[in-house]
Peer 1: 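First, the structure itself, so that you have it in front of you.
Throughout, a chain's letter reflects where its sequence line sits, starting with A, and its residues are numbered from 1.
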Number of protein chains: 2
Amino acid sequence: MSLRIALLGLLSFFGPASGYDLTKKFELSINHVWQAGHSQIYPELGKMATDGLITVEAEGPRGRKIYTITPEGTAEVHRWMVEHVPAEPMRSEGALQAFLLPVLEPQEALAVLARLRASTQAKLEGLEALQQVHHRRRAETGHVNLGHYSLELGIMHTRTTLAWLENTMAEIESEPAAR
Amino acid sequence: MSLRIALLGLLSFFGPASGYDLTKKFELSINHVWQAGHSQIYPELGKMATDGLITVEAEGPRGRKIYTITPEGTAEVHRWMVEHVPAEPMRSEGALQAFLLPVLEPQEALAVLARLRASTQAKLEGLEALQQVHHRRRAETGHVNLGHYSLELGIMHTRTTLAWLENTMAEIESEPAAR
DNA sequence: TTGCCCATGTAATACGTTACATGATTTC
DNA sequence: GAAATCATGTAACGTATTACATGGGCAA
């Protein structure tokens, strides 16, 4: 369901696009919120067309199909946004490592945390670069882009993770015996 | 793979347990980090026994099977913790709603955010209650419990979400035209 | 004896990842 | 003409959810 909503949201905001275009958008725009590859996207677009949420209005070179959102499609996103209560089944390998940290020796735990810090730092830099692009576009157009708010949320969460890493490493260094 | 590691981690820290016990632990301990129901846990335990990571050392009433972790199982968790680089395929319905917020009218967006704030607040209270339990246990035993660090992380993340909600609601209220 | 919790399993379906497969167009 | 990128699809496999199915033990 959520993949469908994400695709409809992109089509609704940016206008008609092909499966290929949408796959690209997933990589470099909605990526920090929802992920999908082309092998999931193409079949889903097929089903959505069958269900009348989108239509193929035009075809480009190389069999490129341009999908356009229908009024039913627009209604579907809107309804999901307003009515759907988000379910959050938490499933994070990083958090699982945090959970199991007490099974490691202090030195090992510190190494795991240092590795996590490096990847978290890299993630933060990626998100901040994206945010610069958003700021520039907003200055030009005068209104916020799709993804503006979730980007801010992602950056705040990533900074929080970094703060937790620092705290935790300091805690383990100061009292290794408590573990 | 991660489900397997989570189960091994619980068996390694708390000692022998049945599938039923582990299902309970998932509900009220590891829940904020990884989720699974009994219909996923029972078959996985069967496979893990086949793979020699756990064994059935005892059987209780009603066909209750008590699984014990083997040295291979212990080695497996340890290896995963030390070597495995966590993959984080982000997939959050709440974040997707944040992402798509610009497709809504300001009033609708505010309603969505208010609903999210209520559920986030409830989640925070649940985590803080769990943390009290951890603190009490730590005072008794003198060392940290499994899940201590990830609980702190979860609480920090949830507080950050709450702060983001307040920011965002204030922003939309002050300049509804930018959307 | 009725209802609740303990306790384990399977089946159907849905969702997601990796790998396989193919070919057109553009750019160097 | 070789390489990169555009462009679409399917198949196999793995993971996760929901529903179905069954029965023992204990307490009111």
Side-chain angles (χ1 to χ4, degrees), chain A residues 1-8 10-11 16-28 30-31 33-51 54 56-67 80 84-93 95-96, chain B residues 1-8 10-11 16-28 30-31 33-51 54 56-67 80 84-93 95-96:
Chain A
M1 192 78 264
S2 299
L3 170 60
R4 178 168 286 211
I5 299 299
L7 291 167
L8 288 173
L10 292 172
L11 287 171
S18 68
Y20 187 83
D21 297 335
L22 291 164
T23 303
K24 290 289 158 193
K25 282 272 181 219
F26 260 80
E27 275 166 29
L28 43 88
I30 205 171
N31 180 62
V33 152
W34 202 269
Q35 276 169 259
H38 81 275
S39 66
Q40 217 187 333
I41 291 172
Y42 286 123
E44 186 64 27
L45 287 170
K47 283 182 232 156
M48 287 159 75
T50 303
D51 294 348
I54 56 178
V56 181
E57 288 287 298
E59 295 213 17
R62 296 170 261 201
R64 179 184 161 95
K65 291 182 206 162
I66 315 288
Y67 292 98
W80 187 86
H84 180 75
V85 176
E88 301 285 349
M90 182 68 173
R91 214 164 257 132
S92 157
E93 291 188 355
L96 181 56
Chain B
M1 190 78 266
S2 299
L3 170 60
R4 180 169 286 212
I5 298 301
L7 291 168
L8 288 173
L10 292 172
L11 286 171
S18 68
Y20 187 84
D21 296 334
L22 291 164
T23 303
K24 290 290 158 192
K25 283 271 181 220
F26 260 79
E27 274 166 30
L28 44 87
I30 206 170
N31 179 63
V33 151
W34 203 270
Q35 278 170 259
H38 81 275
S39 66
Q40 216 187 335
I41 291 171
Y42 286 123
E44 187 63 28
L45 288 170
K47 284 183 229 155
M48 287 161 75
T50 303
D51 295 348
I54 56 177
V56 181
E57 288 287 298
E59 295 212 17
R62 297 170 262 201
R64 178 184 163 95
K65 292 183 205 161
I66 315 288
Y67 292 98
W80 187 86
H84 180 74
V85 176
E88 301 285 348
M90 182 68 175
R91 214 164 260 131
S92 155
E93 291 189 354
L96 181 56

Peer 1: What heavy-atom pair brings A/Ile30 and A/Ala6 nearest, and what distance separates the two atoms?
Peer 2: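 Of all heavy-atom pairs spanning A/Ile30 and A/Ala6, the closest is CD1-CB, 3.7 Å.
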Peer 1: Just wondering, do A/Asn31 and A/Phe26 contact through their side chains at under 4.5 Å, heavy atoms?
Peer 2: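 They are not in side-chain contact.
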Peer 1: Using atom CE of B/Met1 as one end and atom C1' of C/dT18 as the other, report the distance to the nearest whole Å.
Peer 2: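 Atom CE in B/Met1 sits about 17 Å away from atom C1' in C/dT18.
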Peer 1: Calculate, to the nearest 0.5 Å, the distance between atoms CG and CG belonging to B/Leu22 and B/Leu3 respectively.
Peer 2: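 Rounded to the nearest 0.5 Å, the CG-CG separation comes to 10.0 Å.
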Peer 1: Mind checking the CG-CD1 spacing from B/Leu96 to A/Ile5? Nearest 0.5 Å is all I need.
Peer 2: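 Nearest 0.5 Å value for the CG-CD1 distance: 7.5 Å.
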Peer 1: Please report, rounded to the nearest Å, how far the C1' atom of C/dT22 is from the CZ atom of A/Arg64.
Peer 2: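 Atom CZ in A/Arg64 sits about 19 Å away from atom C1' in C/dT22.
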Peer 1: DNA chain C: B/Asp21 or A/Ala36, which has the more 5' nearest nucleotide?
Peer 2: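 Nearer the 5' end of the strand: B/Asp21.
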Peer 1: Nearest whole angstrom, please: distance from the C1' of C/dT8 to the CZ of B/Phe26.
Peer 2: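 The answer, rounded to whole Å, is 17 Å.
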Peer 1: Check whether any side-chain N or O of A/Asp21 sits under 3.5 Å from a backbone N or O of A/Ser18 as a donor-acceptor pair, and report yes or no.
Peer 2: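 Yes; judged by distance alone, with no hydrogens or angles, the pair exists.
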Peer 1: Tell me the closest heavy-atom pair linking B/Pro16 and B/Ile66, and the distance in Å.
Peer 2: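 So the two residues come closest at CB-CG2, 3.6 Å.
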Peer 1: Which residues within residues 39-47 of chain A lie with some heavy atom under 4.0 Å of an atom in DNA chain C?
Peer 2: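 Nucleic-acid contacts, sorted: A/Ser39, A/Gln40.
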Peer 1: To the nearest 0.5 angstrom, please state how far the CE atom of A/Met48 sits from the CG atom of A/Leu8.
Peer 2: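 Going from the CE atom of A/Met48 to the CG atom of A/Leu8 covers 3.5 Å.
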Peer 1: Can you measure A/Arg91 atom CZ to C/dT17 atom P for me and round it to whole angstrom units?
Peer 2: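 Interatomic distance, CZ of A/Arg91 to P of C/dT17: 12 Å.
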Peer 1: Looking only at heavy atoms, what is the nearest atom pair of B/Ser2 and A/Glu93, with distance?
Peer 2: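 Closest approach of B/Ser2 to A/Glu93: OG-OE2, 3.2 Å.
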Peer 1: Which heavy atom of B/Ile41 sits nearest to which heavy atom of B/Gly19, and what is that distance?
Peer 2: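 Shortest heavy-atom contact: CG2-O, 4.3 Å.
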Peer 1: Between the two end axes of the helix from C/dT1-D/dA28 to C/dC28-D/dG1, each built from 5 base pairs, what angle do you get to the nearest 10°?
Peer 2: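 One end's axis against the other's: 20°.
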Peer 1: Would you compute the distance between atom CG of B/Leu45 and atom CD1 of B/Ile54 and round it to the nearest 0.5 angstrom?
Peer 2: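 Reported value, rounded in 0.5 Å steps: 4.5 Å.
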Peer 1: Would you mind reading off the distance between A/Glu27 atom CD and C/dT17 atom P, rounded to a whole angstrom?
Peer 2: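 Roughly 13 Å, once rounded to whole Å.
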Peer 1: To the nearest 0.5 Å, tell me how far A/Met90 CE sits from B/Ser92 OG.
Peer 2: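 Here the rounded value is 9.5 Å.
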Peer 1: For A/Trp80, what residues pass the ring-ring contact (aromatic ring centres under 6.0 Å, His included) criterion, not counting sequence neighbours?
Peer 2: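 Counting only residues at least two positions away or on another chain, A/Trp80 forms a ring-ring contact (aromatic ring centres under 6.0 Å, His included) with A/His84.
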Peer 1: Report each atom pair, protein N/O against N/O of nucleotides 24-27 of chain C, whose distance is under 3.5 angstrom.
Peer 2:
none

Peer 1: To the nearest Å, how far apart are A/Leu3 CG and C/dG16 P?
Peer 2: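 That distance rounds to 7 Å.
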Peer 1: Among pairs that include at least one residue of residues 35-49 of chain B, which meet salt bridge (Lys or Arg N to Asp or Glu O under 4.0 Å), considering only residues two or more places apart or in two chains?
Peer 2: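 Qualifying pairs: B/Arg4-B/Glu44, B/Glu44-B/Lys47.
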Peer 1: Side-chain N or O of A/Arg4 less than 4.0 angstrom from OP1 or OP2 on C/dA14?
Peer 2: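 Checking C/dA14 against A/Arg4, no side-chain N or O comes under 4.0 Å of OP1 or OP2.
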Peer 1: Shoot me the first and last contacting nucleotide of DNA chain D against chain A, ordered 5' to 3', at under 4.0 angstrom to non-hydrogen atoms.
Peer 2: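 On DNA chain D, the outermost contacted nucleotides are D/dC6 to D/dT17.
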Peer 1: Send over the distance from A/Gln35 CD to C/dT17 C1', rounded to a whole Å.
Peer 2: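 It works out to 11 Å between those atoms.
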Peer 1: Taking OH from A/Tyr20 and P from C/dG23, how many angstroms apart are they, rounded to a whole number?
Peer 2: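 In whole Å, C/dG23 P and A/Tyr20 OH are 19 Å from each other.
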